[in-house]
*Asks:* 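Could you have a look at this structure, given as structure tokens, before my questions?
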Amino acid sequence: MKIQQLQMLDALADTGSLQGAADQLHRTQAAVSMALKKLEEQAGFPLFDRTGYRLVLTPRGEQFLRQAREVLRQQQRLQSLTQQLQTGAEPQLRVSYDHTCSPSLLFNAMRQVQECFPATELLLSGESQLKSLRAIREGEADLALCPWLPVFRQHGDFETRLVRPFELFVVMSPRLAERFGGVPTHRSELLEMPMLMPQDQDVGINMDRMMRMPGQQRIRVNDSIAQRELLLADMGWGIIPSDLVGDALARGDLVRIEIPGFINQVHLEIHLVRSAERIAGPAANLIWRTFDG
């Protein structure tokens, strides 16, 4: 059995079709079909049920696939380890962070990397809508800082470290508050004011369901950075991650709206995330150990 055959089996299970597997692996459909038939012959038992329109894994095929995926993970880790042994410290360390989290949480660890591995180039990228987590899964980033829910493990083989709680603040500008007679003290007062909210938090939060607020004037934006700018421009009130507005609150450019019992259903955390399928280099491990307990 060859690694390429196992990769084709994994791609077929992932995409659901021979053509999908061929597209994912940049091979022809005929080549994938032939390789899977040969794999089945080598296994000595049917991997697929061919009675329907599509290839469907048999029960023994499902069991075979689970072990094949473990072999692929080990092979990827071996490749990663080989590269690390060849090159030593990473020439580049790709660190991604979700815009809902302050990158300053990483700065102390990044300074240590600069001191210990001066030849390692640090690439820091901000993303929206949990693209940083997808970058880890796709091998496009080595470390990611993002909001975390246990359900995210179904999207990839991740390892995580707790960094800090993820908090949401209800805020508005003092100028907007003055126009409406002061900072609201009851949720009914918010109905008079325009509301700013992300189109999709993409971290398991449904704002409409959580607040159950009637349809007052709203402005929806596609990321939290734009939401913050609108808040600072007196365009409305909003619920926003605390990391994005801490400085503005300290300067008095924004004020918190604290209404008892209004927003108390959010219990998330910010985690540092990496792939369990790849061996981390010494620079990445240094940052990882910074958040050890």
Side-chain angles (χ1 to χ4, degrees), residues 3 7 10 24-26 69-150 152-153 155-166 202-203 223-225 228 241-244 246-247 268-293:
I3 288 293
Q7 290 171 336
D10 180 47
Q24 186 179 101
L25 298 173
H26 307 292
R69 283 175 166 167
E70 180 59 30
V71 171
L72 291 173
R73 280 193 289 269
Q74 292 298 329
Q75 185 259 352
Q76 189 172 32
R77 288 176 65 85
L78 181 59
Q79 283 185 331
S80 180
L81 175 61
T82 301
Q83 183 180 10
Q84 292 300 330
L85 293 174
Q86 289 173 345
T87 62
E90 309 94 309
Q92 288 186 334
L93 180 58
R94 302 163 300 171
V95 182
S96 181
Y97 68 94
D98 192 271
H99 281 312
T100 57
C101 309
S102 172
S104 63
L105 296 170
L106 297 169
F107 289 173
N108 180 55
M110 291 170 64
R111 290 189 188 97
Q112 294 182 53
V113 170
Q114 287 179 316
E115 294 172 2
C116 297
F117 306 103
T120 296
E121 182 181 25
L122 288 164
L123 303 180
L124 187 62
S125 303
E127 303 285 358
S128 298
Q129 303 300 312
L130 290 186
K131 290 179 182 176
S132 57
L133 192 62
R134 290 192 282 273
I136 293 291
R137 184 186 63 193
E138 302 300 327
E140 298 169 356
D142 303 300
L143 296 169
L145 187 74
C146 64
W148 180 258
L149 284 172
F152 293 161
R153 294 193 186 278
H155 300 297
D157 193 359
F158 301 119
E159 295 179 344
T160 78
R161 287 277 172 89
L162 172 65
V163 175
R164 55 167 288 176
F166 179 85
D202 204 18
V203 290
D223 66 75
S224 295
I225 296 295
R228 181 187 63 190
S242 60
D243 280 355
L244 290 180
D247 291 346
L268 298 179
E269 297 172 334
I270 295 173
H271 280 216
L272 188 66
V273 184
R274 69 182 182 185
S275 171
E277 298 177 348
R278 290 182 287 276
I279 301 293
N285 272 325
L286 191 157
I287 293 180
W288 188 257
R289 290 194 302 270
T290 301
F291 300 97
D292 185 7

*Asks:* Evaluate the side chain to side chain contact (heavy atoms under 4.5 Å, CB included) criterion for residues V273 and C146: first the C-alpha distance (whole Å), next the side-chain angles of each, then the deciding distance (0.1 Å), finally the verdict.
*Replies:* CA-CA 8 Å; V273 184; C146 64; 3.9 Å; yes
*Asks:* Write down the atom of L124, the atom of F107, and the distance for their closest heavy-atom approach.
*Replies:* CD2-CE2, 4.4 Å
*Asks:* Under a 4.5 Å cut-off applied to non-hydrogen side-chain atoms, are L106 and T290 in contact?
*Replies:* no
*Asks:* Grab the two heavy atoms, one from T100 and one from P241, that are nearest each other, plus how far apart they are.
*Replies:* O-CB, 3.4 Å
*Asks:* Give a yes or no answer on whether the side chain of Q92 reaches the backbone of L123 with a donor-acceptor pair at less than 3.5 Å.
*Replies:* no
*Asks:* Could you state the interatomic distance from CZ (R94) to CD (E121), rounded to the nearest 0.5 Å?
*Replies:* 12.0 Å
*Asks:* Just grab all the side-chain hydrogen bond (donor to acceptor under 3.5 Å, both in side chains) pairs involving residues 109-119, residues at least two apart or on different chains.
*Replies:* none
*Asks:* Who are the side-chain contact (heavy atoms from CB on, under 4.5 Å) partners of S125, not counting sequence neighbours?
*Replies:* E127
*Asks:* Where does the angle between the aromatic ring planes of W148 and F158 fall among parallel (under 30°), tilted (30 to 60°) and perpendicular (over 60°)?
*Replies:* perpendicular
*Asks:* Could you tell me whether the side chain of S275 reaches within less than 4.5 Å of the side chain of R137, counting heavy atoms only?
*Replies:* no
*Asks:* So how far is it from L162 CG to I270 CD1, rounded to the nearest 0.5 Å?
*Replies:* 9.5 Å
*Asks:* Locate the shortest heavy-atom distance separating P147 from F152; write the atom from each residue and the value.
*Replies:* O-CE1, 3.5 Å
*Asks:* Can you tell me how far CD of E90 sits from CG of L122, rounded to the nearest 0.5 angstrom?
*Replies:* 9.5 Å
*Asks:* Would you give the length of the straight line joining atom NZ of K131 to atom CD of E138, rounded to the nearest 0.5 angstrom?
*Replies:* 13.0 Å
*Asks:* Main chain of E140, side chain of R134: is a donor-acceptor contact present, judged purely on distance under 3.5 Å?
*Replies:* no
*Asks:* Nearest heavy-atom pair of H271 and V163: which atoms, and what distance?
*Replies:* C-CG2, 3.9 Å
*Asks:* How many angstroms lie between CG in L244 and CZ in R228, if you round to the nearest 0.5 Å?
*Replies:* 5.5 Å
*Asks:* Quick one: does D98's side chain have a donor or acceptor within less than 3.5 Å of a partner on L130's backbone?
*Replies:* yes
*Asks:* Sequence neighbours left out, what passes salt bridge (Lys or Arg N to Asp or Glu O under 4.0 Å) with R153? Give chain and number order.
*Replies:* none
*Asks:* Taking all heavy atoms of S102 and all of D243, pick out the closest pair and write down the distance.
*Replies:* N-OD2, 3.2 Å
*Asks:* Could you pull out the closest heavy-atom pair between R164 and S242, with the gap in Å?
*Replies:* NH2-OG, 3.8 Å
*Asks:* Out of I287, N285, D142, T160, which one pairs with R274 under the side chain to side chain contact (heavy atoms under 4.5 Å, CB included) rule?
*Replies:* N285
